[in-house]
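The block underneath contains the structure these notes are about, expressed in structure tokens.
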There are 2 protein chains.
Amino acid sequence: MLERLSQCDMTVGALAEPLEMSLAAASKHIGVLEEAGLIRRQKRGRERVCSLDPRGLEAVRDWAERYVGFWNERLDALDRALKELDDE
Amino acid sequence: MLERLSQCDMTVGALAEPLEMSLAAASKHIGVLEEAGLIRRQKRGRERVCSLDPRGLEAVRDWAERYVGFWNERLDALDRALKELDDE
DNA sequence: GGAATAGTCAACCAATTGATTGACTATTTA
DNA sequence: TAAATAGTCAATCAATTGGTTGACTATTCC
């Protein structure tokens, strides 16, 4: 769903269409994504249009980036420690 | 668990210690993280030492980054379209 | 203005998850 | 060498999740 929403916004029905589940089930899933802050739903007449919420995905990326950053820091620290051993 | 492992590697028991659950439950959770590619477990004697697997977290970051990137691309496209309107 | 469409909600049930406990294996310590 | 420690696994049960169905509301179309 997220991948398809990255191409363009779409209604709940359009999002549900390729999925082998009922509209109600798809609606439920969309509700979970909305609750997680990954998408937004906007009412337009009888249609609800869904769109990605970049803030939610930025939060995920930033969260993961912190760990990648930590790892690199630890590798750097190891590198420095090894250099110090070499200088002795 | 991931946050604490970003500080230093630790055994299953040490990871489990601050959690209000049985050792078996914590072991289960660690198994899930391992299966997800986020951590690795290495046997050292009777101890299993856990460490972050940067590749797993890089994959998560990259996945989220793609969506942030898509979003920015769409904003850029909108920007260009609006400029074209202004030039008319 | 009624039929059709879009979507949600509650009730229900099956499947999965989350946690515990006891039993077990492997390793370390006294 | 036996006790202690570290950790896993299977069985069990409660809680949660995932999906369907029918009923409903809101909006659009004929």
Side-chain angles (χ1 to χ4, degrees), chain A residues 1-64 66-67 70-71 74 78, chain B residues 1-64 66-67 70-71 74 78:
Chain A
M1 286 187 177
L2 295 178
E3 190 142 8
R4 287 168 59 230
L5 283 175
S6 68
Q7 304 307 319
C8 59
D9 298 353
M10 53 185 72
T11 63
V12 170
L15 262 181
E17 217 175 307
L19 309 172
E20 279 175 39
M21 62 171 65
S22 69
L23 177 60
S27 182
K28 243 184 179 183
H29 280 280
I30 288 164
V32 169
L33 290 169
E34 184 180 38
E35 191 121 349
L38 298 176
I39 69 167
R40 277 158 60 215
R41 256 189 302 198
Q42 284 151 299
K43 197 175 177 188
R44 282 185 202 154
R46 65 188 172 187
E47 293 176 348
R48 309 290 161 81
V49 178
C50 310
S51 51
L52 284 184
D53 191 336
R55 293 166 301 179
L57 286 146
E58 280 169 355
V60 173
R61 178 201 59 186
D62 292 348
W63 172 84
R66 274 172 56 224
Y67 291 103
F70 280 138
W71 187 261
R74 284 175 66 191
L78 176 63
Chain B
M1 288 186 174
L2 295 179
E3 191 142 4
R4 286 169 59 232
L5 284 176
S6 69
Q7 304 308 321
C8 58
D9 298 353
M10 55 184 71
T11 63
V12 169
L15 262 182
E17 214 175 309
L19 309 174
E20 278 176 39
M21 64 172 63
S22 68
L23 176 59
S27 182
K28 242 184 180 183
H29 279 282
I30 289 165
V32 170
L33 290 169
E34 185 180 38
E35 191 122 348
L38 300 176
I39 68 166
R40 279 160 57 214
R41 257 190 297 199
Q42 284 152 299
K43 197 177 178 188
R44 283 184 202 157
R46 65 188 174 189
E47 292 178 345
R48 309 294 161 79
V49 177
C50 309
S51 51
L52 284 184
D53 190 335
R55 293 167 299 180
L57 287 147
E58 279 170 355
V60 173
R61 179 202 58 185
D62 292 347
W63 172 85
R66 273 174 55 226
Y67 290 104
F70 279 139
W71 186 262
R74 285 174 64 189
L78 177 63

Results of side-chain contact (heavy atoms from CB on, under 4.5 Å) for B:Glu35 - residues two or more places apart only: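 Listed in chain order: nothing, the list is empty.
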CG on A:Leu33 to CG on A:Leu38, rounded to 0.5 Å: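 Taking CG in A:Leu38 and CG in A:Leu33, the distance rounds to 6.0 Å.
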Whole angstroms only, please: what is the [atom1]-[atom2] distance between [X] and [N]?
| X | N | atom1 | atom2 | result |
| --- | --- | --- | --- | --- |
| A:Ile30 | D:dT17 | CD1 | C1' | 17 Å |
| A:Met1 | C:dG7 | CE | C1' | 13 Å |
| B:Gln42 | C:dT27 | CD | C1' | 17 Å |
| B:Glu35 | C:dG18 | CD | P | 13 Å |
| B:Leu15 | D:dA6 | CG | C1' | 13 Å |

Partner set under salt bridge (charged side-chain N to carboxylate O under 4.0 Å, His left out) for A:Arg41, not counting sequence neighbours: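 If we apply the salt bridge (charged side-chain N to carboxylate O under 4.0 Å, His left out) test to A:Arg41, skipping adjacent residues, the hits are A:Glu34.
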Partners passing side chain to side chain donor-acceptor pair (under 3.5 Å) against B:Arg66 (at least two apart in sequence or in another chain):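 Expected list: A:Glu3.
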Side chain to side chain donor-acceptor pair (under 3.5 Å) involving A:Arg46 - partner list, sequence neighbours excluded: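 Applying side chain to side chain donor-acceptor pair (under 3.5 Å) to A:Arg46 gives none.
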Residues forming a ring pair (Phe, Tyr, Trp, His ring centres under 6.0 Å) with A:Phe70, sequence neighbours excluded: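 Once residues adjacent in sequence are excluded, A:Phe70 has no partner under the ring pair (Phe, Tyr, Trp, His ring centres under 6.0 Å) criterion.
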Salt bridge (Lys or Arg N to Asp or Glu O under 4.0 Å) partners of residues 51-62 of chain B, not counting sequence neighbours, each pair once: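 Every salt bridge (Lys or Arg N to Asp or Glu O under 4.0 Å) pair that includes a residue of residues 51-62 of chain B, provided the two are not neighbours, is A:Glu65-B:Arg61, B:Asp53-B:Arg55.
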Throw together a table of side-chain donor-acceptor distances under 3.5 angstrom for residues 11-27 of chain B, partners on residues two or more places apart or in other chains.
| from | atom 1 | to | atom 2 | distance (Å) |
| --- | --- | --- | --- | --- |
| B:Thr11 | OG1 | B:Ala14 | N | 3.1 |
| B:Ser22 | OG | B:Ala25 | N | 3.1 |

Pairwise 5' ranking along DNA chain D for B:Val49 and A:Arg48, keeping only the more 5' one: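 The residue mapped nearer the 5' terminus is B:Val49.
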Summary of protein contacts for nucleotides 19-25 of chain D, nucleotide by nucleotide, where a base hit scores B, a sugar-phosphate-only hit scores S (4.0 Å, heavy atoms): BBB----
When you compare the protein's N or O atoms with those of nucleotides 27-30 of chain D, which come within less than 3.5 Å of each other, and at what distance?
| from | atom 1 | to | atom 2 | distance (Å) |
| --- | --- | --- | --- | --- |
| D:dT27 | O3' | A:Arg46 | N | 3.2 |
| D:dT28 | O4' | A:Arg46 | NH1 | 3.2 |

